[in-house]
Every structure is written in C-alpha cells, then in structure tokens.
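Below: one structure, written as structure tokens.
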Amino acid sequence: MPYQLHYWPTIQGRGEFVRLALEAAGADYVDVARLPEAKGGGESALGERLGDPNNARAAFAPPFLVDGDVVVGQTAAILLYLGPRLGLSGVGESDGLWTHQLQLTIADVVAEAHDTHHPISTGAYYEDQRDAAVQRARSFREERIPKFLNWFEQVLQRNPAGDLHLVGDMLTYADLSLFQLVDGLHYAFPKATARALAPAPAVEKLHANVKRRQRVHDYLQSPRRIAFNEDGIFRRYAELDG
C-alpha cells in the first residue's frame, strides 16, 4: 500500500521535507489532504484523523505519516522512519544517527525562520506583531542564518567522502532537507541568504546538485510542488530582509 502523508494541502511547511524524501526516492505515496473530499481527502480528513479517539498515539499536529498500522508524527521522526526504507539514511547505524542529528538541526533553523514573522504569538496576525518581527528578523538574518549555514559548510568540508553530500557519498534525507531550507531562505530572505552563502560554496553547490537530480527536478516542475506563499513557514516580507 502507498504511504499516506497527512499535511495541510495549501502550504509547503514542515510537510515538504517529507514530500521531498518520498519524491526523490520514487516512493508510492498519497498526499491525503490534497485529494478531493469525495475520495477521502481534504482538510476534514486531516482533522478527523488527528481527532480519532481510537488512535492512542495520535500526532500533536501535521505532518504525520501512515504506513499500514504505523502512524508517525513529527517531521524528523517521520524521516527517521522512512530513511532506511527509502535508502536515504546512509549506511549503518552511525550514518543513520548522524543523518537524524542533521535533520534535528535543520528543524531548529526552520523554527527560528517561522518565529521571525510570528515572534510573539502564532495565534496573532503578522500585522499585529510587525515591530517585534522586524527586530527578531534582524538577529536571524545577521547572526543566525550565517551561523547555521557556516556550520553546514563545515560539515560538508569535513565529510571524509567529499563535499557533495552531508553523510558519506550518497544522497540522504538530510541533503534534501538542507536543499529545502536553503530554498526557503532564498525565498524569504533573498538578500541575507545571498550574503550568507557567499562564504559557504559547498552548501550552495549541494543546493544546486539536489535541484538537478532527475526526480527532484521533475517534482519541482510538477503541480505537486506547492509554491512558497505567505501562509507557510518561509514568508517574504520585504521589511524583514533589511
């Protein structure tokens, strides 16, 4: 049976990291909430699954993955589960743990990127916290983006197998997620990201290489790839890019 990915149907968000892994591996999956309601899809199906009283291990929020009787929530946990099944977690336990660690670090950056436009409350509109957002974004673009990208640059340069991948000499979900992170930063903070990538050529090269992979390229050109927008995690507000 195909994997069932449950995530919001109109944004990339945290679900996109899972979509990229499934697409890059050529896995058979269904993006459930993007199906018509007549076929068991839509946001109502997402809500029903989240609120199912018979599911003792329900996810707190999307994304979550259903694989037969297994239900896994949290992006990093989903990828930890999928990694060895899709051949995207390196070779052996050590590679698998390192790939997972990289993914958790990417999750940290994603959370900080989100908080640039919602620094006070996720329940309030951006317009109601714009002044705080401007201050938070200044620190993120001047300090945090360079710090994180420089660390990934060091990881690539220190990889004994070469700087084409984060883990060993093969594609992992960490590579795909770093691609997505850089893509999102390019969208939300184009000027700051360009500055931060100047001293991180290996990160920029990885982003370009992943984008050229046939399955990834085909996915990015397809209607399955939702465009970045101002409802997702990476949002473009000119005042936040300085």
Side-chain angles (χ1 to χ4, degrees), residues 5-20 33 43 46-47 50-51 58-64 73-79 100-155 174 176-200 203-204 206-207 225-242:
L5 173 63
H6 293 257
Y7 196 64
W8 307 113
T10 59
I11 61 172
Q12 292 184 18
R14 291 175 174 84
E16 192 66 12
F17 297 94
V18 182
R19 291 187 187 114
L20 276 168
E43 291 191 20
L46 188 62
L50 277 175
F60 175 74
F64 59 94
Q74 294 284 358
T75 301
I78 295 169
L79 291 170
H100 182 53
Q101 180 179 328
L102 292 165
Q103 185 64 41
L104 290 172
T105 305
I106 290 169
D108 290 341
V109 196
V110 170
E112 290 194 28
H114 170 272
D115 289 350
T116 60
H117 51 77
H118 278 75
I120 298 175
S121 170
T122 58
Y125 290 112
Y126 166 71
E127 290 74 16
D128 296 330
Q129 49 195 313
R130 179 177 289 163
D131 291 344
V134 169
Q135 294 183 31
R136 184 67 170 266
R138 182 183 301 114
S139 172
F140 182 67
R141 69 175 184 265
E142 294 179 1
E143 301 171 16
R144 303 300 284 169
I145 293 178
K147 185 171 185 176
F148 277 115
L149 294 187
N150 178 65
W151 183 77
F152 284 112
E153 179 73 11
Q154 292 178 37
V155 170
L176 295 163
S177 291
L178 183 55
F179 160 81
Q180 175 64 10
L181 172 63
V182 173
D183 227 39
L185 291 175
H186 268 306
Y187 175 79
F189 300 94
K191 293 187 290 187
T193 302
R195 290 193 299 269
L197 282 172
V203 172
E204 192 161 32
L206 180 144
H207 176 265
R225 171 74 163 186
I226 300 169
F228 286 107
N229 59 61
E230 277 55 66
D231 291 321
I233 290 173
F234 298 103
R235 305 186 186 186
R236 180 177 291 173
Y237 296 115
E239 62 266 31
L240 301 189
D241 197 24

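As the structure is a prediction and not an experimental result, all values here were calculated from the model. Side chains included, hydrogens not; waters and symmetry mates left out as well; all remaining heavy atoms used.
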Subject >> Distance-minimising heavy-atom pair for Ala59 and Phe64 >> reply: CB-CB, 3.8 Å
Original post:
Step by step, would you call Tyr126 with Leu240 a side chain to side chain contact (heavy atoms under 4.5 Å, CB included)?
Top reply: CA-CA 12 Å; Tyr126 166 71; Leu240 301 189; 3.6 Å; yes
Original post:
Can you check side chain to side chain contact (heavy atoms under 4.5 Å, CB included) on Leu20 and Ser177, steps first, answer last?
Top reply: CA-CA 8 Å; Leu20 276 168; Ser177 291; over 6 Å; no
**OP:** Without swapping roles, check the side chain of Thr122 against the backbone of His118 for a donor-acceptor pair under 3.5 Å.
**Re:** no
Subject >> Side chain Gln129, main chain Tyr125, donor-acceptor under 3.5 Å >> reply: yes
Original post:
Which pair of heavy atoms, one from Pro63 and one from Leu5, lies closest together, and at what distance?
Top reply: CB-CD1, 4.3 Å
Subject >> Step-by-step ring-ring contact (aromatic ring centres under 6.0 Å, His included) determination, Phe189 to Phe140 >> reply: CA-CA 10 Å; Phe189 300 94; Phe140 182 67; 5.4 Å; yes
Subject >> Spatial distance of atom CD (Gln154) from atom CG (Leu149) [nearest 0.5 Å] >> reply: 11.5 Å
Original post:
Any Lys/Arg nitrogen of Glu16 or Arg225 sitting under 4.0 Å from an Asp/Glu carboxylate oxygen of the other?
Top reply: yes
Original post:
Which heavy atom of Arg14 sits nearest a heavy atom of Ala111, and at what distance?
Top reply: NH2-CA, 4.2 Å
Subject >> Under 3.5 Å donor-acceptor, Thr193 side chain and Leu185 backbone >> reply: yes
**OP:** Drop me the distance from Glu143's CD to Ile145's CD1, to the nearest 0.5 angstrom.
**Re:** 11.0 Å
Original post:
Between the main-chain N or O of Ala200 and the side-chain N or O of Asn150, is there a donor-acceptor pair closer than 3.5 Å?
Top reply: no
Subject >> Lys/Arg-Asp/Glu bridge criterion (N-O < 4.0 Å) met for Arg136, Asp115 >> reply: yes
**OP:** Could you please spell out the steps behind the side chain to side chain contact (heavy atoms under 4.5 Å, CB included) verdict for Val182 and Phe152?
**Re:** CA-CA 11 Å; Val182 173; Phe152 284 112; over 6 Å; no
**OP:** On the 0 to 90° scale, with breaks at 30° and 60°, tag the Phe234-Phe228 ring pair as parallel, tilted or perpendicular.
**Re:** perpendicular
**OP:** Applying side chain to side chain contact (heavy atoms under 4.5 Å, CB included), run through Leu178 and His207 and close with a yes or a no.
**Re:** CA-CA 7 Å; Leu178 183 55; His207 176 265; over 6 Å; no
Subject >> Spatial distance of atom CD (Gln103) from atom CG (Leu176) [nearest 0.5 Å] >> reply: 9.5 Å
Original post:
How are the rings of Tyr237 and His117 set to each other: parallel, tilted or perpendicular (split at 30° and 60°)?
Top reply: perpendicular
Subject >> Sub-4.5 Å side-chain heavy-atom contact between Pro9 and Glu43 >> reply: yes
Original post:
To the nearest 0.5 Å, how far apart are CD1 in Ile106 and CZ in Phe148?
Top reply: 10.5 Å
Original post:
CD1/Ile120 to CG/Asp128 distance, rounded to the nearest 0.5 angstrom?
Top reply: 9.0 Å
**OP:** Please report the shortest heavy-atom distance between Tyr7 and Ala33, naming the atom on each side.
**Re:** O-CB, 3.1 Å
Original post:
Got a donor-acceptor contact below 3.5 angstrom from the Gln12 side chain to the Ile226 backbone?
Top reply: yes
Original post:
Do the side chain of Asn229 and the main chain of Thr10 share a donor and acceptor less than 3.5 angstrom apart?
Top reply: yes
Original post:
Looking only at heavy atoms, which two atoms of His6 and Pro62 are closest? And how far apart?
Top reply: O-CB, 3.8 Å
Original post:
Which value, rounded to the nearest 0.5 Å, describes the distance between His186 atom NE2 and Arg236 atom CZ?
Top reply: 11.0 Å
**OP:** Measure across Val18 and Thr75 and return the closest heavy-atom pair with its distance rounded to 0.1 Å.
**Re:** CG2-CG2, 4.2 Å
**OP:** Look at Arg235 together with Glu230 and state whether they make a salt bridge at an N to O cut-off of under 4.0 Å.
**Re:** no
